[in-house]
Structures are given as C-alpha cells and as structure tokens.
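Okay, so here's the structure we're looking at.
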Amino acid sequence: MSDSYSPYGEQQPGPNVTPWSGPPAAPQQGGYPPYGQPPPAPQYGTPVPPAPNKSNQGLIIGLVAGAVVVVLALCGAGIGLLLANDDDDKPVVATSSGPTLGTGDGSGSTPDTAAVPTPRAADPPNTNDNNSMTARYSSDLSNVCEGSPILNAAPYSGPASAKAYAFSNNPGRPTSWSSKYVPSDKPYYAKSEDYQKVSVVGCLKYEEGSEGTPKKCQYKDKSDKQVTVDYVSSRYTLTFYAAKTAEKIGDGGTVTAPTSRCPSFISYDKATMRAYATPDAGTIEAAMDKFLS
C-alpha cells in the first residue's frame with residue numbers, strides 16, 4: 001500500500017482510516033486548515049470598548065458639570081420671570097395724597113407714593129355766559145333783571161351818555177317783569193326799536209313783606225256785577241345794571257307803590273280778589289334822573 005500526499009504537502013490518511021477517527025492534526029505554522037476540516041466558527045459577543053484615554057477624563061467631567069450649571073441657571077431664570085409676571089397681575093393700590101406714617105399693625109412702613117393720582121386742575125370760575133342771550137325786542141332786556149347779559153346791548157361807558165329802560169315785577173308774579181314808563185324828553189330815553197342802544201336797565205324788585213293794609217275798591221265785572229277788590233300797597237327796590245353784562249352799577253333807592261286812591265281800571269286775581277299797586281312813576285323818574293345825570 002502506497003501513501004498519498006495532498007497537493008499541499010500534507011499526508012493523507014489511508015483508506016482504512018476515517019478522517020474523523022482522531023483529533024485533527026494541528027495546522028502548520030502559517031498554513032491553511034486541513035482539507036475537509038471546516039474553519040473554526042467566529043466568536044460573537046458584546047464588544048468591550050476600549051478604556052478611555054485618561055487624559056480626556058477631566059475634560060469630559062468639566063463639560064458635564066458646565067451643562068448642569070447652565071440648566072440650573074435657566075431654571076432659576078424661568079422661576080424669576082414667573083414671579084415677576086405674578087406681581088404684574090396684582091392691582092395697584094392708590095394711596096392718598098398725604099403720606100401715612102405707619103400702619104395699623106405698628107410696622108411703621110410708609111405706603112408707596114408712586115401710585116398717588118395727579119390732582120385735577122381747578123375748574124374755571126363760574127360766569128353768566130350760559131345765561132347770555134341776544135335780544136330781538138325791547139321787552140327782552142327785562143331778562144337783565146334775572147341775571148342774563150344781553151349780547152347785542154350797548155356797552156356801558158358811564159351814566160351821562162347812557163340810554164335806559166326800567167322794568168318791575170309784582171307780588172303776584174315775581175318772575176314776570178313789565179316795562180315802566182320813561183318820559184320821552186329825558187336824555188336817557190330810548191324808543192322801543194332802539195333797544196340795541198340801551199346800556200342801562202333799572203330793575204324795580206318787590207320787597208317781600210312790605211304790603212300795606214288793603215284798600216277796598218268797588219268795581220263791576222264783565223257781567224255788570226258789583227265786586228270788591230283789595231287794593232294793596234307795597235315797596236320796591238330800584239337797582240341799575242349794565243345791560244351787556246348784567247353787572248350791578250348802581251342803586252336807585254326805594255320806590256313806593258301807593259294806594260292813595262282807587263284806579264279807574266284795575267286788574268285783579270279772581271281767586272284772591274286782590275290787586276297790587278304799581279310803583280309810583282314820579283319816584284322812578286326822580287331816581288333815574290339822579291343816577292343818569
């Protein structure tokens with residue numbers, strides 16, 4: 001029996017020897033595994049990382065610590081913003097203009113004066129501008145006696161050159177003013193159509209409580225029935241005003257309304273059967289002469 005050799009220089013077993021009857025021969029150094037022998041299975045498992053370089057360990061630890069500090073700083077800033085927003089939502093309590101020393105709890109704290117409101121500017125002085133009016137008739141100047149300036153009246157520059165009207169009320173109608181007669185030969189006389197030339201208005205105001213003992217006057221009414229009317233005397237105060245401004249410019253004294261005799265015609269109140277005497281024309285004329293001379 002002859003021996004056979006492999007092409008690779010390895011001796012092959014004889015025909016009577018099984019290839020696996022014994023342990024395989026160890027391969028030669030730097031050679032290949034035996035023919036027919038499967039290569040050894042690769043060993044799989046968890047790879048073990050190489051040990052980190054000790055020179056980088058300090059750098060890694062520093063970076064981790066810095067990241068932690070940054071995260072903590074951001075968290076602190078977020079909490080601070082949240083608290084600030086919470087304070088902004090609270091209402092601002094305004095305090096009085098005068099500082100308060102201490103509180104009721106005895107802490108002695110002073111309230112914040114930044115919220116004190118600015119004082120409002122003082123109102124302008126009250127005037128009669130809201131009562132001003134433009135006259136259309138001579139009778140409109142009687143509103144001067146109620147405090148209303150007449151915008152289109154003549155300005156008052158003195159008594160000597162003034163034109164004047166006179167009006168009076170009565171106990172029965174205290175807010176109703178009637179025109180009084182002014183002689184046409186007076187320098188202060190003005191026609192009814194010349195009301196815009198008037199600069200002075202004389203107001204005869206009834207004095208309350210000045211009524212005298214009524215005078216009994218007999219008349220016939222419209223049905224020709226006999227009636228008795230109580231004719232009452234009284235007193236008036238004459239005051240002069242500038243027509244354009246309704247400002248007082250002089251006093252005319254007291255003017256009486258006498259009942260020395262019963263008038264030919266009379267206007268009376270049917271409910272009270274009373275009538276009031278009118279101010280004496282002579283006394284009015286004398287007072288106006290004195291003031292406007």
Just distance, no hydrogens or angles: give the donor-acceptor pairs under 3.5 Å from side chains in residues 265-275, sequence neighbours left out.
| from | atom 1 | to | atom 2 | distance (Å) |
| --- | --- | --- | --- | --- |
| D269 | OD1 | A271 | N | 2.9 |
| T272 | OG1 | R274 | N | 3.4 |

*Would you find a donor on one side and an acceptor on the other, under 3.5 Å apart, between the side chain of D194 and the backbone of K197?*
no

*Taking all non-hydrogen atoms of both residues into account, name the closest pair between T239 and G250 and its distance.*
CG2-O, 3.6 Å

_Side chain D221, main chain V227, donor-acceptor under 3.5 Å_ = no

Listing, residues 252-264 side-chain donor-acceptor contacts under 3.5 Å, not counting sequence neighbours, or none:
none

*Pairs involving residues 227-261, ordered by first then second residue, that meet ring pair (Phe, Tyr, Trp, His ring centres under 6.0 Å) (sequence neighbours left out)*: F240-F291

*Within a reach of under 6.0 Å around CD of E208, are more than 12 heavy atoms found that belong to other residues, nucleotides or ligands?*
no

Atom pairs and distances, donor-acceptor, side-chain atoms in residues 157-164, under 3.5 Å, two or more places apart:
| from | atom 1 | to | atom 2 | distance (Å) |
| --- | --- | --- | --- | --- |
| K163 | NZ | P187 | O | 2.9 |

*Determine which pairs satisfy salt bridge (charged side-chain N to carboxylate O under 4.0 Å, His left out) with at least one residue from residues 229-243, sequence neighbours left out, and list them in order.*
E207-R235, K216-D230

_Walk me through whether K180 and T278 qualify under side-chain contact (heavy atoms from CB on, under 4.5 Å)._
CA-CA 9 Å; K180 305 311 297 181; T278 60; 3.9 Å; yes

_Crowding at NZ, K191 (>12 non-hydrogen neighbours, <6.0 Å)_ = no

*Any ring pair (Phe, Tyr, Trp, His ring centres under 6.0 Å) pairs touching residues 157-204, not counting sequence neighbours?*
none

